[in-house]
Student: 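Would you mind keeping the following structure in view while I ask a few things?
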Amino acid sequence: MGVYEELKERGLVAQATDEEKVRDLLNNGKTSFYIGFDPTADSLHVGHYIPIMVASYLQRAGHRPIMLFGGGTGMVGDPSGKTDMRKMLTKEEIAHNISCFQKQMSHLVDFSDGKAVMANNADWLSNLNYIDFLRDIGVCFSVNRMLTAECYKQRLERGLSFFEMNYMVMQSYDFLELYRRYGCQMELGGDDQWSNIIGGVNLIRRKENADAYGLTVSLLTNSEGKKMGKTERGAVWLDPNKTSPFDFYQYWRNVGDADVVRCLKVLTFVPMEQIHQFEHLEGQQLNEAKELLAYEVTRQIHGKDEAEKARSAARAIFAQGVDTENMPSSEITADDFTDDKIGILDLLVKAKLAASKGEARRLVVQGGISVDGKKAADGTVAISSADFEKEKGKFVVIKKGKKVYHKVILK
RNA sequence: GGAGGAGUUCCAGAGCGGUCAAAUGGGACAGACUGUAAAUCUGCUGCCUUACGGCUUCGAUGGUUCGAAUCCAUCCUCCUCCA
């Protein structure tokens, strides 16, 4: 079975420009392919993860990934899938974000010995001459055709600036440029990138009279069709400082029953034979699959140690009692005490378990808070410094709701 | 360039001089039920306060008024139609 079939079987492939040729190229050839990333945040999130997975598969199959950072396009913003125009970033922000991306990506893609390439489209986009660009590239695009592209259609109803309209042209130009520089023959992207990818494929055909291909990856959605990896609080980040390995683990541990098997296929390298066994499970048995999913995904992003810590912390907490070892924590100092005590509300705010004292009070009143296993009855409960004294150190364990455990350490 | 319309709390979307911290729905959070699932039901959703109450919000800035999210002026942003 070739790598293409493997990707297909795992449900990673959404569309390909020319399935026969793409299959042949991936299974039998050696090529370079690229994925573009918009450096609009300082961390990758789960949405970026699947294309990187695919890149990883393809790299193992002998192809060379080119990770393209949109240092230039990031200053425009892709209208695909957005109903509002994106805010513009400064050059400094973009540079910072790119360096963060690089670090995170190296977990999944091997950059040693030129096995993968990093590129930044600012290298060729920022010095373009407008007139030359229009004459050379602009003539290859039909506005009529562009407007029929799904990504613009939606925006047309709400308004689309000329500025954003150029996104497709720039992305297509990236592909052409990578083709010329690295012999890049394929662009990989989320399924929402389809029209932009086609633009590049067509451009290469016109300018270079050569074949190029596009392959899109299914977006990760749950059984209700909502995008996964996003909570209302924001995305599930790959940066451990933004989403702790424990929270990351828990996110996957808590996926819906209907989504586990698909997530295993798409997000992990667990062999298909093993996954097939899970397909017959139902009800409570699925917890085993969920644990595997959570462990594997966490391991791939944060490494084996963190994954094991998260798993044992979760097991301990939910099985019985509390594992204080690997629990997310925060610190307070003696200065936070008044008369040798700290109010439960202040403590919750300090530990960032509540955004304000009002919210903290609400949690307590609704019975959602307990400290060291004792439910806090009302907002007047106070914790004295003596309560922090434990055999293993100075801390208390706060439980918020059913699943959130937090250790507050007294320094 | 001309004529209209709109900007409300996380989102959608009511309100159109006092009874508005602002209806309703969604989301989030908490409780019950459970399998660390889903569905369902309940509560809750600006900040400070045990509470009474106070404080800051309805694009921005000024103004009218005893009193403004609601009226007026200017500005900013967006939309629609015409050129």
Side-chain angles (χ1 to χ4, degrees), chain A residues 79 81-88 154-164 221-236 244-264 278-279 281-295 297-298 310-323 326-328 338 341 343-346 348-371 375-382 398-406:
Chain A
K82 304 288 183 307
T83 44
D84 294 310
M85 191 161 125
R86 215 175 257 189
K87 73 164 191 185
M88 288 190 241
Q154 290 172 7
R155 282 305 300 274
L156 231 40
E157 286 164 22
R158 287 203 43 117
L160 174 70
S161 65
F162 177 71
F163 179 75
E164 292 173 285
T221 53
N222 66 18
S223 49
E224 285 153 19
K226 286 188 189 160
K227 263 195 197 181
M228 291 191 72
K230 293 233 162 153
T231 63
E232 280 302 306
R233 292 250 169 118
V236 175
S244 74
F246 181 78
D247 288 339
F248 187 85
Y249 179 93
Q250 282 297 304
Y251 180 84
W252 299 108
R253 179 59 186 78
N254 284 316
V255 297
D257 286 5
D259 301 316
V260 201
V261 167
R262 196 158 34 86
C263 285
L264 276 169
F278 289 122
E279 281 171 351
L281 299 181
E282 52 184 46
Q284 208 172 134
Q285 295 172 306
L286 278 169
N287 282 331
E288 192 190 327
K290 289 182 188 178
E291 188 172 69
L292 180 67
L293 170 68
Y295 176 79
V297 180
T298 309
R311 183 171 62 185
S312 58
R315 278 179 179 167
I317 286 170
F318 291 102
Q320 80 276 30
V322 171
D323 170 21
N326 306 310
M327 192 178 286
T338 320
K341 278 194 259 187
I344 180 72
L345 303 183
D346 290 318
L348 287 169
V349 174
K350 272 266 186 284
K352 295 209 169 68
L353 291 172
S356 66
K357 288 181 83 170
E359 188 183 323
R361 182 171 296 115
R362 209 176 300 130
L363 284 165
V364 171
V365 169
Q366 297 193 124
I369 296 296
S370 55
V371 178
K375 190 172 267 192
D378 58 60
T380 60
V381 172
I398 303 176
K399 182 185 177 201
K400 170 187 165 243
K402 277 171 283 201
K403 299 176 200 165
V404 181
Y405 286 82
H406 193 92

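Keep in mind it's a predicted model, so treat the numbers as computed, not measured. Just so it is clear: chains get the letters A, B, ... in the order the sequence lines come, proteins before strands, and each one is counted from 1.
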Student: So what's A23(B) paired with, Watson-Crick or G-U wobble, going by both distances under 3.5 Å?
Tutor: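 WC or wobble partner does not exist here.
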
Student: Could you give the NZ-to-P distance, from Lys375(A) to G31(B), as a whole number of Å?
Tutor: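 These atoms are roughly 7 Å apart.
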
Student: Whether Lys400(A) contacts A28(B) is assessed here as follows: a side-chain N or O lying under 4.0 Å from the phosphate OP1 or OP2. Is that the case?
Tutor: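 No, because none of the side-chain N or O atoms of Lys400(A) sits under 4.0 Å from OP1 or OP2 of A28(B).
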
Student: So which nucleotide does U70(B) pair with, by the Watson-Crick or G-U wobble rule with both distances under 3.5 Å?
Tutor: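 Per the H-bond distance test, none.
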
Student: Base, sugar-phosphate alone, or nothing: which one does Gly401(A) contact when heavy atoms must sit under 4.0 Å apart?
Tutor: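 Sugar-phosphate: the residue Gly401(A), judged by heavy atoms under 4.0 Å, touches backbone atoms but no base.
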
Student: Name all residues meeting the side chain to side chain contact (heavy atoms under 4.5 Å, CB included) criterion together with Ala354(A); count only those two or more places apart in sequence or in a different chain, and write none if there are none.
Tutor: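 So Ala354(A) forms a side chain to side chain contact (heavy atoms under 4.5 Å, CB included) with Leu348(A), Glu359(A), Ala360(A), Leu363(A).
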
Student: Both Leu363(A) and Arg311(A) contact RNA chain B. Which one's nearest nucleotide lies toward the 5' end?
Tutor: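 Nearest nucleotide further toward 5': that of Leu363(A).
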
Student: Using whole Å, what does the distance between atom P of nucleotide G35(B) and atom NZ of Lys403(A) come to?
Tutor: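 The distance from NZ of Lys403(A) to P of G35(B) comes to 14 Å, rounded to the nearest Å.
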
Student: Output all residues satisfying side-chain hydrogen bond (donor to acceptor under 3.5 Å, both in side chains) with Lys399(A), sequence neighbours left out; order by chain, then residue number.
Tutor: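 If we apply the side-chain hydrogen bond (donor to acceptor under 3.5 Å, both in side chains) test to Lys399(A), skipping adjacent residues, there are no hits.
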
Student: For nucleotides 43-48 of chain B, tabulate all protein N/O to nucleotide N/O atom pairs closer than 3.5 Å, reporting atom names and distance.
Tutor:
{"from": "G43(B)", "atom 1": "O2'", "to": "Gln366(A)", "atom 2": "OE1", "distance (Å)": "3.2"}
{"from": "G43(B)", "atom 1": "N2", "to": "Gln366(A)", "atom 2": "OE1", "distance (Å)": "3.4"}
{"from": "G43(B)", "atom 1": "N2", "to": "Gln366(A)", "atom 2": "NE2", "distance (Å)": "3.1"}
{"from": "G43(B)", "atom 1": "N3", "to": "Gln366(A)", "atom 2": "OE1", "distance (Å)": "3.1"}
{"from": "C44(B)", "atom 1": "O4'", "to": "Gln366(A)", "atom 2": "OE1", "distance (Å)": "3.2"}
{"from": "C44(B)", "atom 1": "O2'", "to": "Arg362(A)", "atom 2": "NE", "distance (Å)": "3.3"}
{"from": "C47(B)", "atom 1": "OP1", "to": "Ser356(A)", "atom 2": "OG", "distance (Å)": "2.7"}
{"from": "C48(B)", "atom 1": "OP1", "to": "Lys357(A)", "atom 2": "N", "distance (Å)": "3.0"}
{"from": "C48(B)", "atom 1": "OP2", "to": "Lys357(A)", "atom 2": "N", "distance (Å)": "3.4"}
{"from": "C48(B)", "atom 1": "OP2", "to": "Gly358(A)", "atom 2": "N", "distance (Å)": "2.8"}

Student: Could you give the distance from CG (Asp378(A)) to CD1 (Ile344(A)), rounded to the nearest 0.5 Å?
Tutor: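 So the CG of Asp378(A) and the CD1 of Ile344(A) are separated by 10.0 Å.
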
Student: Report the base-pairing partner of G4(B) (Watson-Crick or G-U wobble, both distances below 3.5 angstrom), or none.
Tutor: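 Base partner found: C79(B).
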
Student: May I have the distance from Lys399(A) (atom NZ) to C29(B) (atom C1'), rounded to whole angstrom?
Tutor: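 Taking atom C1' of C29(B) as the reference, NZ of Lys399(A) is at 15 Å.
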
Student: My understanding is that a pair needs two contacts under 3.5 Å, Watson-Crick or G-U wobble. By that rule, which nucleotide pairs with A28(B)?
Tutor: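 A28(B) is paired with nothing.
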
Student: Got a sec, which residues hit side chain to side chain contact (heavy atoms under 4.5 Å, CB included) with Arg253(A), two or more places apart in sequence or on another chain?
Tutor: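 For Arg253(A) the side chain to side chain contact (heavy atoms under 4.5 Å, CB included) partners, ignoring immediate neighbours, are Tyr249(A), Gln250(A), Asn287(A), Lys290(A), Glu291(A), Ala294(A).
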
Student: Any strand is fair game: report the nucleotide pairing with A38(B) by Watson-Crick or G-U wobble, both distances under 3.5 Å, or none.
Tutor: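 No nucleotide pairs with A38(B).
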
Student: Quick one: Tyr405(A) OH to A30(B) P, roughly how many Å, whole number?
Tutor: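 Roughly 12 Å, once rounded to whole Å.
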
Student: Could you tell me how far apart Gln250(A) (CD) and A37(B) (C1') are, to the nearest whole angstrom?
Tutor: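 Those two atoms, CD and C1', are 13 Å apart.
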
Student: Check side chain to side chain contact (heavy atoms under 4.5 Å, CB included) between Val404(A) and all other residues, then give those that pass, not counting sequence neighbours.
Tutor: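 With neighbours one apart ignored, the set is Leu353(A), Lys400(A).
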
Student: Looking at residues at least two apart in the chain, or sitting in another chain, which of them share a side-chain hydrogen bond (donor to acceptor under 3.5 Å, both in side chains) with Ser370(A)?
Tutor: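 Applying side-chain hydrogen bond (donor to acceptor under 3.5 Å, both in side chains) to Ser370(A) gives none.
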
Student: State, to 0.1 Å, how close Ala289(A) and Phe278(A) come at their nearest heavy-atom pair, and which atoms those are.
Tutor: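 For Ala289(A) and Phe278(A), the tightest heavy-atom pair comes out as CB-CD2, 3.6 Å.
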
Student: May I ask which nucleotide in the shown strands pairs with C47(B), Watson-Crick or G-U wobble, both distances under 3.5 Å?
Tutor: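 Base partner found: G54(B).
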
Student: Using atom C1' of each nucleotide, how far apart are U57(B) and G7(B) to the nearest Å?
Tutor: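 So the two C1' atoms sit 15 Å from each other.
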
